[in-house]
Amino acid sequence: MATFLSKLGRLAFRRKGVTLLLWLLVFVGMGVAASSAPAPPADTFSMPGTESQEAFDLLTEKFPDASVDGATARVVVRAPEGTKVTTPATRTEVERLVTELGVSSPQVGGVADPYESPAVSISEDGTTAYTVVTYKVPAAEVDDEAHDALDDATEKAREAGLTVEAGGDAVKIEQAMGGTGEQIGVLVSAFVLVLTFGSMIAAGMPLITALIGVGIGISGITALGSTFGLSGTTSTLAMMIGLAVGIDYALFIVSRFRAERAEGRTPEEAAGRAVGTAGSAVVFAGLTVIVALAGLAVVNIPMLTKMGLAAAGTVAVAVLVAITLVPALLGLAPVKVMARRGRMRYAVKPLSDRQRRRAARHEAKPARRTRPNLGTRWARYVLRHPVIFLLVGVIGLGTVAVPAASLELGLPGEGQMSTQTTQRKAYDLLSESFGPGFNGPLTITVQTVSADGTGATSAGTPADARRTGDEIGKALARTPGVASVSPATANKAGDTAILTVVPTTGPTEKKTEELVHALRDTADDLERSTASRILVTGQTAMFIDFSQTLDDALLPYLALVVGLAFLLLMVVFRSVLVPLKAALGFLLSVAAALGAVVAVFQWGWLADVFGIDAPGPIMSTMPIFMIGVVFGLAMDYEVFLVSRMRESYAHGARPGEAVVDGFRYGGRVVGAAAVIMMSVFSGFIVEDNDFVKMIGFALAIAVLFDAFVVRMAIVPALFALLGRSAWWLPKWLDRILPRVDVEGERLAGTQPAARSPRENTLVG
């Protein structure tokens with residue numbers, strides 16, 4: 001592989017104009033395709049094989065008139081202090097609000113009058129009422145005019161003395177990902193790259209190529225959105241991971257190019273060796289990321305599968321950009337990509353007299369610049385005290401991981417939004433006035449079946465279906481944790497009824513989850529005595545099933561991605577213990593990151609520091625996404641750092657010397673890549689939404705643990721203790737594993753140009 005990639009890198013370097021033109025055509029072509037493609041479909045959420053999804057499909061079939069996709073807004077009104085919503089003056093203002101909402105936008109389909117069903121829409125103390133605004137279009141299609149009209153109507157009611165807040169999917173989200181924090185992250189990345197390379201040109205290449213790769217990937221997702229059902233949110237994970245690995249991969253290759261130039265090779269030779277060696281590491285690191293993202297398909301949730309495959313495609317583009325576009329850009333600036341100090345030593349054109357004098361003065365500077373760099377000194381220090389670093393690293397991360405044993409999963413809702421948003425205020429008003437379970441009602445479907453044991457639907461009259469539903473409702477009402485059960489409503493065919501159960505606890509509370517399981521257990525007993533099929537669904541039940549599905553899939557997912565990555569790394573490093581410790585180190589860093597997330601976001605430690613309004617369950621999708629993203633980045637760091645060790649060891653260095661060489665050439669680059677990713681992910685922590693904060697914090701802390709504790713401390717300590725055993729591979733396994741030559745042994749014949757020993761140490 002190294003030979004092939006080296007030839008590819010040299011070709012891209014020589015044919016830089018053609019390569020740049022081809023990528024420009026791809027970029028423009030994908031942009032045109034995205035701009036002319038139909039609008040992406042609205043988000044759809046399904047969980048095949050779960051009871052909630054089965055009940056939802058049944059409702060869609062049996063109650064087609066009620067199965068609309070239109071958005072809704074629930075507007076909550078509280079009367080001025082000392083009055084009630086039934087007071088004539090207050091009622092007049094509420095009715096004016098209802099009328100205003102009904103005519104506010106052409107997209108509004110209807111508005112419920114709370115005074116027509118006061119037992120349902122007005123609280124027992126009479127201080128609070130709510131109305132539901134239904135729209136003719138899905139939430140994704142509610143336009144700005146409709147959002148503004150809703151805001152204007154509620155603001156007028158506030159000016160009249162009412163307390164008015166609104167929740168629901170039709171209400172404009174006031175908290176969005178991406179903003180000042182993200183921009184700060186990119187600026188920090190640019191600053192770190194400049195410090196790392198000492199050259200604006202070299203610093204700009206990883207950013208530019210990463211943005212090009214992400215642009216092509218996101219445009220491709222948009223262009224194929226309507227064909228494959230990829231919604232607008234599908235690109236979220238693709239953008240995050242694509243930007244991360246895009247910067248890393250380009251950073252690795254540019255860094256290796258500079259190192260090869262410092263060894264005295266011509267620009268074309270340096271480009272070829274950089275792509276042949278670092279490029280090989282990039283290809284295999286990219287494969288591990290693709291495995292992790294494509295592995296989301298094992299969760300069996302279509303939305304996650306699409307997000308994972310779309311992100312995997314974006315990573316594939318990032319790999320192609322790194323091994324072709326980056327060497328082409330290096331061909332445009334083979335000298336300016338080097339550090340400004342001493343840049344004239346790499347000039348490909350004859351130097352003027354003034355430039356030669358400046359170069360001579362540079363060569364005459366004291367030999368202090370020949371001292372080992374920070375990576376070399378750090379590696380030697382760890383090698384002298386391996387047991388201490390191993391114990392401190394493992395015990396420290398293990399201690400941080402302890403809270404992960406108390407992990408509770410849930411999904412985001414209006415109850416977890418910032419207390420400054422109208423959605424959260426509406427949620428709190430309803431909880432205070434109607435009970436905490438009012439925000440998370442459960443829907444019970446009762447389908448009558450024949451008594452012959454075949455399970456076939458048994459049609460009757462609507463009255464019969466209502467009678468059966470009410471009978472079951474009375475039995476379910478006796479379940480502890482049930483606040484109320486509504487009368488049953490039957491469909492026209494008379495074979496299905498639905499009723500609503502309101503819990504006594506909130507939708508994200510553990511007792512509500514226990515209630516759902518208890519209702520399903522009770523339903524199993526009732527099915528035999530009532531000849532019915534009883535299913536529990538509703539948003540709260542779907543969230544619970546979603547969390548359970550992800551929880552059940554977590555271990556199989558880990559086994560899949562870690563197992564496949566183990567095989568890939570075994571091929572790359574020709575070792576059994578190196579990939580084993582890589583996988584175990586990753587699991588340790590992920591466990592520690594989950595522990596930190598639980599402590600901060602679930603237990604509330606340092607909640608004021610991070611601006612967390614409501615500590616609660618951890619978002620169900622967060623562990624899976626964190627594993628996928630961090631696994632990819634961790635394997636990037638592992639492959640790039642250890643591949644330099646393997647390369648040095650394969651060329652005759654002793655085990656300890658190989659570790660030092662790996663850190664001499666790769667430590668600074670891996671550290672810079674980790675700082676860049678931490679700064680990008682930390683940008684999300686300043687967002688208002690607690691779950692956005694959670695994602696940013698989890699990814700940033702996981703990268704911190706994996707890059708600086710596992711890869712920089714535990715890994716060299718283990719190499720020091722294992723010695724040559726670290727590279728052990730059974731002979732029979734060595735014979736059957738394919739040889740990919742990541743360390744570039746076949747490139748060893750390309751000797752550097754003659755240079756003085758002193759020159760070879762100036763840039764290392």
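Computed over heavy atoms, backbone and side chain alike; hydrogens, waters and symmetry mates excluded.
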Going by side chain to side chain contact (heavy atoms under 4.5 Å, CB included), name the residues that satisfy it together with [X], two or more places apart in sequence or in a different chain.
| X | result |
| --- | --- |
| V298 | Y557, L560 |
| A310 | I221, T234 |
| A463 | T461, R466, R467 |
| Q539 | F543 |

Polar side-chain atom of [X] near backbone of [Y] as donor-acceptor pair, under 3.5 Å:
| X | Y | result |
| --- | --- | --- |
| D144 | D148 | no |
| Q53 | T537 | no |
| S104 | L101 | yes |
| E145 | S105 | no |
| E93 | A157 | no |
| Q107 | D143 | yes |
| T154 | D151 | yes |

All N/O donor-acceptor pairs, side-chain side in residues 469-490, below 3.5 Å, sequence neighbours left out:
from	atom 1	to	atom 2	distance (Å)
D470	OD1	A488	N	2.8
T479	OG1	L476	O	3.0
S486	OG	T500	N	2.8

Least distance between heavy atoms, S406 atom then Q602 atom =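 Closest approach of S406 to Q602, heavy atoms only: O-NE2, 2.6 Å.
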What's the spacing between [X] [atom1] and [Y] [atom2] if we round to 0.5 Å?
| X | Y | atom1 | atom2 | value |
| --- | --- | --- | --- | --- |
| T496 | R533 | OG1 | CZ | 8.5 Å |
| L150 | E155 | CG | CD | 11.5 Å |
| I301 | D545 | CD1 | CG | 10.0 Å |

Going by side-chain hydrogen bond (donor to acceptor under 3.5 Å, both in side chains), name the residues that satisfy it together with [X], two or more places apart in sequence or in a different chain.
| X | value |
| --- | --- |
| S433 | R78, T128 |
| Q548 | D552 |
| T90 | none |
| D524 | none |

ask   = ring-ring contact (aromatic ring centres under 6.0 Å, His included): which pairs involve residues 85-132, sequence neighbours left out?
value =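 Listed once each, the pairs are Y130-F434, Y130-F438.
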request  = Could you name each residue pair satisfying ring-ring contact (aromatic ring centres under 6.0 Å, His included) that touches residues 475-529, not counting sequence neighbours?
outcome  =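 Of all non-adjacent pairs touching residues 475-529, none passes ring-ring contact (aromatic ring centres under 6.0 Å, His included).
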Test item: side-chain donor near acceptor, T549 and N300, under 3.5 Å =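 Side chains of T549 and N300: no pair found under 3.5 Å.
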key: Salt-bridge present (E159, K156; N to O < 4.0 Å)   =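 No salt bridge links E159 with K156.
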task = Could you tell me whether E165 and R74 have a side-chain N and a carboxylate O separated by less than 4.0 Å?
result =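 R74 and E165: not salt-bridged.
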Matching residue for T512 among T540, T504, T505 - test: side chain to side chain donor-acceptor pair (under 3.5 Å) =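 With T512 as partner, side chain to side chain donor-acceptor pair (under 3.5 Å) holds for just one option, T505.
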request  = Sorted by first residue and then second, give each salt bridge (charged side-chain N to carboxylate O under 4.0 Å, His left out) pair with at least one member in residues 506-515; sequence neighbours left out.
outcome  =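 Every salt bridge (charged side-chain N to carboxylate O under 4.0 Å, His left out) pair that includes a residue of residues 506-515, provided the two are not neighbours, is K510-E513.
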